[in-house]
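Per chain, numbering begins at 1; letters A, B, ... match sequence-line order. Please read these numbers as outputs of a predicted model, since none were measured by experiment.
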Amino acid sequence: MDFQYDSEQNDLREAVRGLLQRAYGDPEVRRRTVAADPGFDEKTWARLAEMGVLGLPFAEEDGGMGAGPIEVGIVAEEMGRVIAPEPFVESVVLAGGLVAAVGTAAQRQAVLGPLSEGATVLAFAHAEPGTRWSTTARGVTATEDGGTWRLTGVKEPVLHGARADVLVVSAAVDGGTALYLVRGDAEGLTRTGYPTHDGTRAANVTLAGTPAELLGELSGEGGGTAVADRSADVERAQALARIAYGNEAVGAMDTALTTTAEYLRTRKQFGVTLNRFQALTFRAADMYVSLELARSTALWASMVADAGGDVVAAADRARLQTSRAGRHIGKEAIQLHGGIGVTAEYSVGHYTSRLTAIDHVLGDGDWAADRLAARVDGYPTVDPLGAPYTRAD
Amino acid sequence: MDFQYDSEQNDLREAVRGLLQRAYGDPEVRRRTVAADPGFDEKTWARLAEMGVLGLPFAEEDGGMGAGPIEVGIVAEEMGRVIAPEPFVESVVLAGGLVAAVGTAAQRQAVLGPLSEGATVLAFAHAEPGTRWSTTARGVTATEDGGTWRLTGVKEPVLHGARADVLVVSAAVDGGTALYLVRGDAEGLTRTGYPTHDGTRAANVTLAGTPAELLGELSGEGGGTAVADRSADVERAQALARIAYGNEAVGAMDTALTTTAEYLRTRKQFGVTLNRFQALTFRAADMYVSLELARSTALWASMVADAGGDVVAAADRARLQTSRAGRHIGKEAIQLHGGIGVTAEYSVGHYTSRLTAIDHVLGDGDWAADRLAARVDGYPTVDPLGAPYTRAD
Amino acid sequence: MRLQLSPEMEAFRDEMRTFFTTQVPAEIRDTLAARRHLSREQYVQAQRILNAAGLAVPHWPVEWGGRDWTPLQRHVWREEMQLANVPEPLAFNTSMIGPVIAAFGNQEQKERFLARTANLDIWWCQGFSEPDAGSDLASLRTTAVRDGDDWVVNGQKTWTTLGQHADWIFCLVRTDPTAEKKQRGISMLVFPMDSPGVTLRPIQLIDGGHEVNEVFFEDVRVPAENLVGEENRGWDYAKFLLGNERVGIARVGATKKLISQAKQHAREITVDGTPLSQDPRLTARIAELENELVALELTALRVVANSADGKPHPASSVLKLRGSELQQAATELIVDIAGPLSLASFADGGSEVPDWARVATPEYLNYRKVSIYGGSNEVQRTIIAGTILGL
Amino acid sequence: MRLQLSPEMEAFRDEMRTFFTTQVPAEIRDTLAARRHLSREQYVQAQRILNAAGLAVPHWPVEWGGRDWTPLQRHVWREEMQLANVPEPLAFNTSMIGPVIAAFGNQEQKERFLARTANLDIWWCQGFSEPDAGSDLASLRTTAVRDGDDWVVNGQKTWTTLGQHADWIFCLVRTDPTAEKKQRGISMLVFPMDSPGVTLRPIQLIDGGHEVNEVFFEDVRVPAENLVGEENRGWDYAKFLLGNERVGIARVGATKKLISQAKQHAREITVDGTPLSQDPRLTARIAELENELVALELTALRVVANSADGKPHPASSVLKLRGSELQQAATELIVDIAGPLSLASFADGGSEVPDWARVATPEYLNYRKVSIYGGSNEVQRTIIAGTILGL
C-alpha cells in the first residue's frame, strides 16, 4: 500500500495546475467565460488536448495516453481547484469512457482520437426528465429499420448536449438498454441548450427518428444478432465519473476553505480580524476535517479503480463522503464570508454552486447512502484495503 | 389560543417546585437516594400524595383531583428540573392512567384511591425482551380457567416493577391484547429488580400461571363475554406518558443548560472564565434554541391532550423534538463541562443519563420520526392549532 | 392555557384567508408560488390592495392606518398572507421607516410621508450597511456635514435591497465624528434616490439575480428638515427599527408553503416507477423538517402570546436563527427532490424540466443570504448567549 | 500509488491476526468484546504475552525492545489487536513514560525502568492534570522543592486513570515558580505510588465505574535521581509524550468492532416480527457511520504513509477529533438498537436482557469522555485552526 504520487504524477499535476492557473487564476476570467456560450474556453480545451489531458484514460492505440484513474483524479482535482468549466469529466471520463469500454476498435479510433486531440466534444445523453440516476433508458427507444437504427424520445438535462459534436445516447431496446452514437448534425435531432446555475451548459435533446450508430458489437450466437444490454457498462462508467467528480469536488472544497481562511485572517469586524472569533475558527477547523476525510475517500476510490476493484461500491462511498463534505463546506464557506459570499462578483459562491451541481449530476449523498445501506447487513466490517476493493492478484 | 398558565397552575408549580427543591435541591441527596432501594424516597412520595400530585389526573370520584394534562406537565417538568426519582410518570400517568381509562368503577376506586394517597406504587408491565415499543403483548399470555385469569410469560424491563404493589400487566388473548391487575404478592410471580443507569429501578417480572384480575368490563353481546382488545388504550396511555416525559425532559434540559451556563461563567481556563471562548458560548446558545423549541412542543402536546385532540400524533411530535433536543443538550452539557461532566460526583452527567433513559422507555426520536413520516404525504401542511390536534367544539 | 383559537380568532383567520385568496390577483400569487421574481408594479399593486383594505400596516398607530390588533392577530395575518402567496407589504416601508417616522418623526414628516409610505406611493430603501462594516454596523463611515440649511452626504452604502426600485432612501450617517462611542454621533436622514450625487450600482448575486445594490453618495445635499428625530440619535432609531425587522422573520408560513410544494413535486418524480413521495428516506426527512417547523411556529405563538405587554419574549431571538435555518433546509429539500433536473436552472422554451426544478438551485443559493442578513445567525447566537444566558 | 498491501505486508497482517486470535486467552478477549472491565491481572497477563513475542513496544528503540517497523506495520499491528479484542499494551507505560525515558532518561534510568515498563512489571500512571488546570495543563500548581538529595512534592493531580492499579506515577511538577512563562519551570518526576504522603481518592464516573482518581501529595520525598531528563524541561517531555498519545487515538479497529457487534445485535431485536437489522433507517445510519469510519481509516493510512520521515502529517489532528466522535456514535448506535432493553443497565441473574444491552448505556455515557481526555476536541480544533489554517 502506498499513498504517494510518483514523480510523473506530480509532474502531471504541476503541468495541469500551471495551465489552469494561467487560464483561471483570476476568477473574473472564469466568470466571463461561463457567461458566453459554449460556457467554456475552446482555447483552454485545445491546450488541455495538447498536454494530453483529453486522451488521458484512453488506450494509446485509440489515440489516448494510456494513463489510469489516478491521473484522471489528479486532473479532476486541479479542474476543481479553479472550477474550470471545460467538460473534462463529462466529455472525457463519462462519454469517452463509455466509448472506450463498449465501442468497437473502429469506433474507438474514430471517436476517441478526435476527442483526445481536442477536435471534438462528446456528451452522454442519458438523463430523462421525471426520473433520476438510473442505469437504464426508458424515455428514448431505438428501432432498427433496414440496417439503420433510429432513436426517438427526449433526454434532458444533457450536460454540454448542445455543444457536443457527438452524442452517446442510451436507448431502450428489446432486452435492455443499448448505447448509440449520434452526430450533432444528424437529422431529426433538436437540441436546446441553456446555462446551469454553476455556469455549465446543459440541453434538452429531442430525437425524432434520428439515425444513430449502435455502439459496440452485436452479441449472441451466430456472429451476433442481438443487441447487448449495456446498463452494467453505464453503471461502471458513471461510477468512474462519480470518482472523478469526487476528486474535482475535493479541489473545489480545498479552494473554498483556503479562500475562507484567508478571508478570516484579513477581514476586520469590531476592530479585529475575524480569526479572533473562536466560533468562526472552530467552524473552519470542522471544514478542514470534512475536506481531509473526503480527500482520503476520493483518492482511495481512484486507487480502487486503478487496482481493478469494485469501482461501483467504491464510487458510492466517495459519492456519499464528498456529498456530505461538499454541502458542509459549501454552506459554511458562504456563511463565514457573510454578505459578500452570496455575490456573483466574489468567487466563493461559485464554488458552492459548482459543488451543488456535482452533487446532483450522478446521484446525491442520500442516494449513495441508500445503496450502501442495502448491503451493510451482508458483511461484518469494511476493509478498504481488502475485498471487494482490491482484486487478488 | 392562550399559552398562559392560570394562577392555580402557577400555584401548583410553585408548590411542587418548593417540595422538590427541599428534597433534592442538593444533588448529593438525590445521588444517595437512588443508591439504595427502592431508588426513590418514600417520604417524598408521601408528601407528593399529600399535595394531591399523585391523584392529579384522576377523577374526583376515583379518589383523584380531576386535573388535566397541563397540570401533569407542570409536575413532570418540575420533577425533571431536579431529576426527582419518584415514579410519577411511570406510576401515576402511565399505570394509573390505564386503570383510569380502562378499569371498572370499582377497580378505579380500589386502585387509584390508594395510589392517590401515596399508599401504593403502580407499575405497567408491558415491555418484553427482544422487541420494542409495541402496543401489543406477545410474550405473556392470559388464559381463563374457572373464572380465574392466569398469566404466564416474561415482562422486562418493568420500571419500578419490583417495588410496585400492583402491576398492570398486558397479555395476549384471543382477539388481541388485554390488561390485567396483578398483586405484588400474587402466587407464581417472580420479580427481580435492579438499578438502571439513571438510578431508576427496573425489574424482570416472570409470571407462571399467576392469578390476575381482568382490567375493565367484558365486551360483546349479551352483557359481555368477550375480552376487549386494549391495544388502543395502551397506545393512548403511552402517548400521554410520552407527553409527560417530554415535559420532564424539558425540566431536566433546563437545569442542564442552566448548570452549564453557570459553569462557563465561573470556571477559569487559560486565565479567563470559559464564557470568554466564543466557540463555547455559541454552543450554549444552540442548546438554548433546542430547549425552547422542545419546550414549545411539549407544552403544546399537553394542550392537545387537554383539548381532546389527537394525542397519539401530538405525542409523536413531542417525542421526536425532545429526543433530538435531549441528546443535543445532554451531550453538550457534558462536553462543555469537560472532565467533571463525566463524574458521578457532579450533577450534570446524571441529567444526561436521565435524558437518555427517557429517550428509550417509550420510543426514541427515530421511532417517532418514522411514525410521522408514514403520514407526511397525506396532508399539505401542518396546522398545530387545527385538526387533528384540536377537536371542533 | 387553551389550544384552540377563539371563535372570534377563527373568524378573523377565515376573513384573512378569504381576502388574501380572492382579492389579490392570481397572477401575482402564482408568480410568488412559482418562486419567480415579482416586478415593481406587482409589488405596488399588491400593497395598494392590502392598504385599501387596511391590511398593509396594521401594526402602525391607529391614527396612521394601524388596527390595534393583538399580537396573535398580527401573527395570523402574516401567516395567512404567506400561505396564500401574497407578497408581504414592503418591509422597508411598513416595518422600518414607517414605524420610525411614526414614533420619532415630527408632525410635518408624519403627514408628509406616512400615508404615501403605507400605500407604496414612495418606495423606500435602506442605507445602513457599508462595505467595511458588515455585522459591525456602528462603525459606518458615511458622513453628513452641515452646510447652511443642508446636510452634505458623502460615502457609500451596500446591500441596499431593491434599491433599483426605490424613490427614497433612509440612511444612517455620521454627523459627529468626534463622539466618544461610535454608536453616538450617528443620525438618520431621508432623501430621494434621484438627488444629485446619488449613484446606484447593482450587485449580482450567485443566483444571477439583481436584488441588492451599492449606493454611492457624492456631495449629496439633503435639506435639514429631512433629519428624522434628533441629531446624533440615529443609532437608537436603527435599533428600534431592527427590532421590528425581527418580527415575522421566522417566516413559518412561507416555509410551510415550500414544504407543501416539495411534497407535491416528490409525487412528480419517479424512481424505477415508484413516486419519490413514497421513498422512506425522503418522507423521514420531510417529517423531521415539518416537526422542527411546528416547534418553531409554536415558539412564535408562545412569544406572541407572552409579549402583549410590548416587551419582547426572550425566546424571540430563536425565531430568526431557526427560521432562517428551516427556510434554507426547505430550499435544499426541493433541490434534492429535483435531483438531476435541478441542473436545468436557466432553461427556457424547449425544455421539459418543470419550472419548480429549474428555479430550485438558484433559490437555494440565494437563500444562503437569510442566515446572513438582518442580523446574521452569529449575531443571533451572540444575543442569546449574552442577553439570555448571561455569557 | 498503490492500494494493495504488498505480499510482505499481507503476510505481516496474517501473522498479527493469527497471533492475537490464538495466543491471547479467549477469556480476556471475550471480556473486552463484552465491553466489561478487565481486571489488573488480565491487563498484566495480556501485555506479558505480547511482550514475550516482541509485540508490546514495537515503536520503542530496538535496543529496548522495539522492532523498527514502518508506520504501516504499526498501524496494522494496532488495528489487528483492536479487531481481535486484545487489550492494547498499557498506554501509560508503552506510549508515554517508556518513550520519554528512552528519549530523555539517563542510562541508569533506562536500565532501571524500560524492560520492566515494557513487561508491565511496573504499572505506571500519569500525574499531569490538576483540578484547576483542565485543558490549560501548563497552569499546574503541584510543586517540587529541592531539599538535600530529595525533591519534596506537594499538591494534587486528578483524572489519574487506573491509578488504583499503579505501582509508579510520572508526574509534572513546578520546580521553578519564578519562571517567566508558565511552561518553563516544570519538571518531570517519577516515584512509587506507595511513597509516604501519596494518597489516592477514587472518582466515580457516571457509568458507575471507577477508572480515574485524584492523587494527593503531602511532603512526598522523591530522590533527585528520579528526575527524568533535565530540570525545568518537563513541558517539552510532556509535549513529546502527548504527541505519542495521539498515535492510534483514531481507534478505527475498536470502532469497527463496535459496529460489527451492532449489526449482530440488530438481528436479535424484532419489531412486529421483523429483525431490526432490516430496518432501512437503521441500515442507513450504519452505512453513514461505516462510511465515515472508512474515511477516517483511509486518512489514518494517508497520515501513516506520509509520515515516514518522522514529521507528523497535518491531517493527523483530524484523527483524534473524528475518531472520538465516531466511537461515541457507535456506542450511541448500540444503545438505540437496545431500545427499551438499554434500561436494564445493572441487571444481574434473573434478567433476560442480553449482556450487550445492559452495558450499552453505561458505555455510551462513559464514552462521553473520549472527546474530552487526551486533548479535548476543542483543543484539537484550536490546533487545526491555528497550526494548519493559520487562524
Side-chain angles (χ1 to χ4, degrees), chain B residues 1-6 9 70 257-258 260-262 264-265 274-275 278 280-289 292-297 299-300 302-304 306-307 309 316-317 320-321 324 366 368-377 379-386 389-391 393, chain C residues 1-6 9 13 72 76 83 253 256-257 259-261 263-264 266-267 275 277-278 280-306 314-315 317-318 321-322 325 378 380-386 388-391:
Chain B
M1 192 219 60
D2 172 15
F3 268 81
Q4 302 273 18
Y5 291 107
D6 64 28
Q9 290 166 338
I70 307 293
L257 174 56
T258 308
T260 302
E262 175 66 19
L264 293 178
R265 273 195 298 272
L274 289 178
N275 63 352
Q278 193 193 38
L280 307 186
T281 62
F282 271 35
R283 284 161 68 179
D286 284 334
M287 292 165 74
Y288 177 78
V289 173
E292 288 306 317
L293 293 170
R295 187 194 301 283
S296 301
T297 314
L299 184 54
W300 166 79
S302 300
M303 291 165 79
V304 171
D306 189 54
D316 285 348
R317 294 205 174 280
L320 174 54
Q321 200 70 26
R324 300 288 185 250
D366 283 356
D370 280 341
R371 283 163 50 114
L372 293 167
R375 297 193 293 264
V376 292
D377 202 38
Y379 54 85
T381 58
V382 184
D383 177 7
L385 306 187
Y389 304 112
T390 47
R391 226 176 25 187
D393 56 352
Chain C
M1 188 149 308
R2 181 188 154 85
L3 186 61
Q4 298 93 324
L5 294 178
S6 64
M9 277 304 301
R13 176 149 86 165
L72 180 59
V76 167
L83 284 170
K256 267 189 192 175
K257 200 77 204 178
I259 295 174
S260 77
Q261 290 178 341
K263 291 183 187 182
Q264 180 52 41
R267 292 182 199 113
S277 55
Q278 292 173 28
R281 183 188 279 269
L282 185 76
T283 55
R285 185 172 164 190
I286 293 173
E288 299 261 1
L289 182 52
E290 229 170 35
N291 219 51
E292 290 284 344
L293 193 61
V294 167
L296 183 68
E297 180 173 9
L298 292 166
T299 303
L301 286 164
R302 259 176 67 212
V303 168
V304 157
N306 291 307
S317 45
V318 168
L321 179 54
R322 186 62 114 214
E325 290 172 346
E378 289 69 37
Q380 302 304 324
R381 287 192 182 91
T382 303
I383 292 172
I384 293 173
I388 303 179
L389 300 177
L391 297 175

B/L274 versus chain C, the contacting section by heavy-atom distance below 4.5 Å: neither
First locate atom OG of C/S317, then atom OH of B/Y288, and finally report the distance between them rounded to the nearest 0.5 Å. 5.5 Å
So which part of C/R13 gets closer than 4.5 Å to some heavy atom of chain B, the side chain, the backbone, both or neither? side chain
Among B/P384, B/A261, B/S302, who wins on heavy-atom pairs under 4.5 Å with chain C? B/P384
Heavy atoms only: give me the nearest C/E290-B/P380 pair and the separation to one decimal. OE2-O, 4.4 Å
Could you tell me whether the side chain of B/D306 reaches within less than 4.5 Å of the side chain of C/L3, counting heavy atoms only? no
Interchain contact, C/R285 with chain B, by part (heavy-atom threshold 4.5 Å): neither
Can you tell me which portion of C/L389 sits under 4.5 Å from chain B's heavy atoms? Options are side chain, backbone, both or neither. both
For a salt bridge (Lys or Arg N to Asp or Glu O under 4.0 Å) check, start with the C-alpha distance between C/E292 and B/R324, then their side-chain angles and the critical distance, and finish with the verdict. CA-CA 10 Å; C/E292 290 284 344; B/R324 300 288 185 250; over 6 Å; no
Are B/M303 and C/M1 side-chain neighbours, meaning at least one heavy-atom pair lies under 4.5 Å? yes
C/A385 to B/A285 - nearest heavy-atom pair and separation: N-CB, 4.2 Å
Considering all heavy atoms of both residues, which atom of C/L391 and which atom of B/A284 are nearest to each other, and what is their separation? CD1-CB, 3.6 Å
Looking at CG of B/L293 and CD of C/E297, how far apart are the two atoms once the value is rounded to the nearest 0.5 Å? 12.5 Å
Go through B/T297, B/D370, B/L299, B/V289 and name the one with the most non-hydrogen pairs under 4.5 angstrom from chain C. B/V289
Please round to the nearest 0.5 Å and tell me the distance separating atom CZ of B/R295 and atom CG of C/L298. 13.5 Å
If I take atom CZ from residue C/R302 and atom CE from residue B/M1, how far apart are they, to the nearest 0.5 angstrom? 11.5 Å
With a 4.5 angstrom heavy-atom cut-off, could you sort out which part of C/Q261 is near chain B: side chain, backbone, both or neither? neither
ring-ring contact (aromatic ring centres under 6.0 Å, His included) involving B/Y389 - partner list, sequence neighbours excluded: B/W300
Could you pull out the closest heavy-atom pair between B/R265 and C/G390, with the gap in Å? CD-O, 3.2 Å
So which of C/I259, C/L321, C/T382 has the biggest tally of heavy-atom pairs under 4.5 Å with chain B? C/T382
Which pair of heavy atoms, one from C/K256 and one from B/D383, lies closest together, and at what distance? NZ-CA, 4.2 Å
Can you tell me how far apart CD (B/Q321) and CG (C/N291) are? Round to the nearest 0.5 Å. 5.5 Å
Would you check if the side chain of B/D2 reaches a backbone N or O of C/R2 as a donor-acceptor pair within less than 3.5 Å? no
Taking side chain as C-beta onward, heavy atoms only, is C/T283 less than 4.5 Å from B/L372? no
Taking salt bridge (charged side-chain N to carboxylate O under 4.0 Å, His left out) as the definition, give me every residue that meets it alongside B/D6, ordered by chain and number, with sequence neighbours left out. none
With a 4.5 angstrom heavy-atom cut-off, which part of C/Q278 approaches chain B: side chain, backbone, both or neither? neither
Side chain, backbone, both or neither of C/S6 within contact of chain B (heavy atoms, under 4.5 Å): backbone
State whether B/D286 and C/R381 are salt-bridged, where the test is any N-O pair (Lys NZ or Arg NE/NH1/NH2 against Asp/Glu carboxylate O) under 4.0 Å. yes
Bottom line for C/L296: the part with an atom under 4.5 Å from chain B's heavy atoms is both
At their closest point, which heavy atom of B/S296 faces which heavy atom of C/A295, and how far apart are they? CB-O, 3.9 Å
Can you confirm whether B/D377 sits close enough to C/R267 that some side-chain heavy atom of one is under 4.5 Å from a side-chain heavy atom of the other? yes
